[in-house]
2 protein chains.
Amino acid sequence: MRTLSHPARSDIELTAVFHALSDPTRLSIVRGLVGVDEQSCGALDIPLSKSTLSHHLKVLRDAGVTHTRIEGTHRYMSLRREDLDARFPGLLDVALKAA
Amino acid sequence: MRTLSHPARSDIELTAVFHALSDPTRLSIVRGLVGVDEQSCGALDIPLSKSTLSHHLKVLRDAGVTHTRIEGTHRYMSLRREDLDARFPGLLDVALKAA
DNA sequence: CCCATGGTTCGATGATGTGCGAACCTACGA
DNA sequence: TCGTAGGTTCGCACATCATCGAACCATGGG
């Protein structure tokens, strides 16, 4: 697998984003992404199996919340902040700021 | 049943709200509530059975998104705008404004 | 070339979620 | 008091989701 599929900005759906963020595990992944430019997928400190984690990352990716870049055997994740801010202004801020 | 249970403002959880809004039916219900002060539950123009509709309204209620007042045999629903704005500023605006 | 590493995919399983009809409850009106 | 109308709850079917281990794939190092 050379590339991973990401939805275009205009294809990001609100319900999909809400669903992606409605899981505590995924929400904490997203929060861990703020401030850091890129996060190695394997560096996540979450007590779940590789396959489960990969599934959550795919949900976030498919919803358009995150972008994953492949470099060698590593995947580097980042928030699609610009796309989300453009499409749903304020959404990300809400998700990140809430206690 | 004289009263319906609603979570206190401080008990409203972000993931629950996200989950409540991640369903297209529920999102459209919420959007139909904007502008109107109160909406009779039966006046919803949604092609679903009574029981299914009641279920969706309960999800919204339990998540703290809506408040339901009982008057006679009718239920009147309203958005908990103040509570949501206080707890998660901007969230409701995002859900309501997005195309 | 072989192996270890980082991740994805597959198949299965149990938990949730959505949907329905039927039965039920409660208030109102005749 | 009896029926009807507005909603809830129950029981069930079916779909989706979260989770895991095992198998798999690609890359980089020896």
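Atom set for the values below is all heavy atoms of this structure, side chains included, hydrogens, waters and symmetry mates excluded.
Remark: P of D:dA18 and CG of A:Asp23 are 5 Å apart, rounded to the nearest angstrom. In this structure, B:Leu53 places its CG atom 12 Å from C1' of C:dG19, rounding to the nearest Å. Between the NE2 atom of A:His55 and the P atom of D:dA22 there is a distance of 20 Å, given to the nearest Å.
Contact annotation: B:Arg75 does not reach the phosphate of C:dA27 (side-chain N/O to OP1 or OP2, under 4.0 Å). For D:dT8, the OP1/OP2 oxygens have a side-chain nitrogen or oxygen of B:Arg61 closer than 4.0 Å. Remark: A:Thr73 is not in phosphate contact with D:dT27, judged by side-chain N or O atoms under 4.0 Å from OP1 or OP2. Distances shorter than 4.0 Å separate none of the side-chain N or O atoms of A:Thr52 from OP1 or OP2 on D:dA18.
Between B:Lys50 and B:His56, the residue anchored nearer the 5' end of DNA chain C, judged by the nucleotide with its closest heavy atom, is B:His56.
Across all strands shown, B:Thr25 has no heavy atoms under 4.0 Å from either base or sugar-phosphate atoms.
In this structure, the side chain of A:Arg26 does not engage the main chain of A:Leu60 through any donor-acceptor pair within 3.5 Å. Using a distance-only test at 3.5 Å, with no hydrogens or angles considered, no donor-acceptor pair links the side chain of A:Arg61 to the main chain of A:Thr68.
Side chain to side chain, A:His67 and A:Arg80 fail the donor-acceptor criterion of an N or O pair below 3.5 Å.
For C:dG7, the base has no donor-acceptor partner in the side chain of A:Ser54 [N/O atoms by modelled type, under 3.5 angstrom].
Residue A:Ser51 has its side chain nearest to C:dC10 when only D:dA18, C:dC20, C:dC10 are considered. Of the listed nucleotides (D:dT9, C:dG17, D:dG6), D:dG6 has the atom at the smallest distance from the side chain of B:His74.
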Worked verdict on A:Asp62 versus A:Lys58 for salt bridge (charged side-chain N to carboxylate O under 4.0 Å, His left out): CA-CA 6 Å; A:Asp62 289 350; A:Lys58 178 172 164 55; 3.1 Å; yes
